[in-house]
Amino acid sequence: QENAVCLAKELMLRYLAMRPHSRQELFLKTSRRDHPAEAIEAGLKDFERAGLIDDNVFSRQYALNEINFRPCGRRKLQEKLYQRGIAEDISRPVLDDLYTQHPEKDLIKGVAEKFVQRNRRLEKQKLVERLTRHLQSKGFDWEHIRWAMLDQKVVDGNNFEDNESA
C-alpha cells in the first residue's frame with residue numbers, strides 16, 4: 001500500500017512539474033496509468049496538506065491564463081473549468097473577480113477587432129455571419145456579440161434588428 005502511494009505521488013509530481021493541475025485532473029491522469037484509487041487519494045490528500053494542489057489557486061491561474069491568451073466569454077470559461085473538475089462554488093467567485101477586472105466588452109472588442117482585421121476582404125453579409133459564429137464559439141453572449149458588431153461597424157444600428165429577424 002505504502003509503495004503504491006509513493007509510486008502514485010511520484011507520477012503526480014511529474015505531472016505537476018509540467019503545469020498546474022486540478023485535483024480531478026491529477027486523479028484521472030494517474031488512474032489511467034493503473035494506480036489504485038486508494039493510493040491516488042492518499043497521495044492527493046498529502047499534496048493538499050502540503051499545498052501542492054489547491055483547486056482555488058488552480059482555477060484562478062487557469063482562468064487568468066485563458067483570458068490573457070485565449071479571450072473568451074464567461075460561459076466558455078465556466079465550461080472549461082468544469083471540464084477540469086472545478087466545482088461551480090469554486091469557479092463562480094473566481095470568474096466574478098476575473099470578469100470584474102477584465103470586462104467581457106473589453107475582451108470581445110479585442111477578439112472582434114482581430115477577426116475583422118483578418119477577414120476585412122469578405123463581403124459584409126459573410127463577415128457578419130462568420131464573426132457571429134466566431135464570437136459564439138468563444139462563449140460570448142448575444143448582448144455582447146451585438147455590441148461588438150455595432151462597435152466594429154460591421155452592422156449599423158438601424159438595420160441590425162432587421163438582420164436579426166431574417
Side-chain angles (χ1 to χ4, degrees), residues 12-13 15-30 41 43-120 122 124-165:
M12 289 187 285
L13 280 174
Y15 291 141
L16 287 170
M18 289 184 247
R19 69 167 179 83
H21 286 73
S22 69
R23 187 180 207 288
Q24 179 178 311
E25 284 180 312
L26 281 177
F27 183 88
L28 292 174
K29 279 185 163 183
T30 308
E41 272 302 322
L44 288 170
K45 286 179 183 166
D46 289 349
F47 284 2
E48 285 174 325
R49 278 192 294 271
L52 291 173
I53 58 171
D54 180 339
D55 280 353
N56 247 319
V57 172
F58 169 80
S59 62
R60 286 187 188 285
Q61 289 174 341
Y62 180 83
L64 186 58
N65 188 58
E66 286 296 301
I67 287 297
N68 288 330
F69 296 105
R70 286 171 291 284
C72 59
R74 183 184 180 106
R75 187 170 29 104
K76 179 81 165 190
L77 194 48
Q78 175 78 47
E79 180 184 319
K80 287 180 173 187
L81 287 168
Y82 178 77
Q83 289 170 350
R84 282 158 183 76
I86 304 300
E88 193 175 335
D89 62 317
I90 293 173
S91 66
R92 186 180 303 122
V94 167
L95 295 178
D96 288 347
D97 290 347
L98 187 68
Y99 283 104
T100 298
Q101 296 168 16
H102 304 273
E104 275 190 83
K105 275 191 176 179
D106 294 350
L107 297 173
I108 199 171
K109 182 181 177 104
V111 172
E113 279 176 358
K114 191 174 178 180
F115 187 91
V116 168
Q117 187 65 30
R118 277 193 325 255
N119 295 281
R120 65 181 173 269
L122 288 175
K124 195 167 193 158
Q125 186 58 36
K126 276 251 190 273
L127 180 61
V128 168
E129 291 169 7
R130 288 187 184 172
L131 179 57
T132 301
R133 281 196 307 269
H134 180 66
L135 296 174
Q136 284 175 329
S137 75
K138 296 258 181 205
F140 292 107
D141 60 38
W142 181 245
E143 173 189 334
H144 289 109
I145 292 172
R146 182 180 187 285
W147 177 86
M149 295 283 201
L150 293 168
D151 180 66
Q152 292 300 305
K153 296 174 179 50
V154 174
V155 294
D156 62 47
N158 296 332
N159 59 1
F160 188 64
E161 301 304 322
D162 298 339
N163 290 344
E164 259 185 77
S165 57

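Sequential numbering from 1 along the given sequence is applied to the chain's residues.
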Are [X] and [Y] side-chain neighbours, meaning at least one heavy-atom pair lies under 4.5 Å?
{"X": "Asp151", "Y": "Ile108", "value": "no"}
{"X": "Val94", "Y": "Ile86", "value": "no"}
{"X": "Glu41", "Y": "Arg23", "value": "yes"}
{"X": "Lys29", "Y": "Met12", "value": "no"}
{"X": "Ile90", "Y": "Leu81", "value": "no"}

For the atom pair [atom1] ([X]) and [atom2] ([Y]), what is the distance rounded to the nearest 0.5 Å?
{"X": "Glu88", "Y": "Leu95", "atom1": "CD", "atom2": "CG", "value": "9.0 Å"}
{"X": "Gln83", "Y": "Gln24", "atom1": "CD", "atom2": "CD", "value": "10.5 Å"}
{"X": "Phe115", "Y": "Leu122", "atom1": "CZ", "atom2": "CG", "value": "7.0 Å"}
{"X": "Lys124", "Y": "Leu127", "atom1": "NZ", "atom2": "CG", "value": "8.5 Å"}

Show me the donor-acceptor pairs within less than 3.5 Å that the side chains of residues 128-135 make with the rest of the protein, sequence neighbours left out.
| residue | atom | partner | partner atom | Å |
| --- | --- | --- | --- | --- |
| Glu129 | OE2 | Gln125 | NE2 | 3.3 |
| Thr132 | OG1 | Val128 | O | 2.7 |

Okay, side chain of [X], backbone of [Y]: is any donor-acceptor separation there less than 3.5 Å?
{"X": "Arg120", "Y": "Gln117", "answer": "yes"}
{"X": "Asn65", "Y": "Gln61", "answer": "no"}
{"X": "Ser59", "Y": "Asn56", "answer": "yes"}
{"X": "Ser22", "Y": "Arg84", "answer": "yes"}

Given the rule in the side-chain contact (heavy atoms from CB on, under 4.5 Å) test, do His144 and Lys138 qualify, once you have shown the distances and angles that lead to the verdict? CA-CA 12 Å; His144 289 109; Lys138 296 258 181 205; over 6 Å; no
Please report the closest heavy-atom contact between Pro20 and Glu25, naming both atoms and the distance. O-OE1, 4.4 Å
Under the salt bridge (Lys or Arg N to Asp or Glu O under 4.0 Å) criterion, do Arg49 and Asp46 qualify, and how do the steps go? CA-CA 5 Å; Arg49 278 192 294 271; Asp46 289 349; 2.3 Å; yes
Are more than 12 heavy atoms, taken from residues, nucleotides or ligands other than Tyr82, located less than 6.0 Å from that residue's OH atom? no
Return a table of donor-acceptor pairs under 3.5 angstrom between the side chains of residues 67-76 and protein atoms on other chains or two or more places apart.
| residue | atom | partner | partner atom | Å |
| --- | --- | --- | --- | --- |
| Asn68 | ND2 | Leu64 | O | 3.2 |
| Arg70 | NE | Glu66 | OE1 | 3.3 |
| Arg70 | NE | Glu66 | OE2 | 3.2 |
| Arg70 | NH2 | Glu66 | OE2 | 2.7 |
| Arg74 | NH1 | Asp96 | OD1 | 3.0 |
| Arg74 | NH2 | Asp96 | OD1 | 2.6 |
| Arg75 | NH2 | Phe140 | O | 3.1 |
| Lys76 | NZ | Ser137 | O | 3.3 |

Does Lys126 form a side-chain contact (heavy atoms from CB on, under 4.5 Å) with Asn119? I'd like the steps, not just the answer. CA-CA 10 Å; Lys126 276 251 190 273; Asn119 295 281; over 6 Å; no
Would you sort out whether Leu26 and Leu16 count as a side-chain contact (heavy atoms from CB on, under 4.5 Å), showing the intermediate values? CA-CA 8 Å; Leu26 281 177; Leu16 287 170; 4.0 Å; yes
With Tyr62 via ring-ring contact (aromatic ring centres under 6.0 Å, His included) - residues at least two apart: Phe58
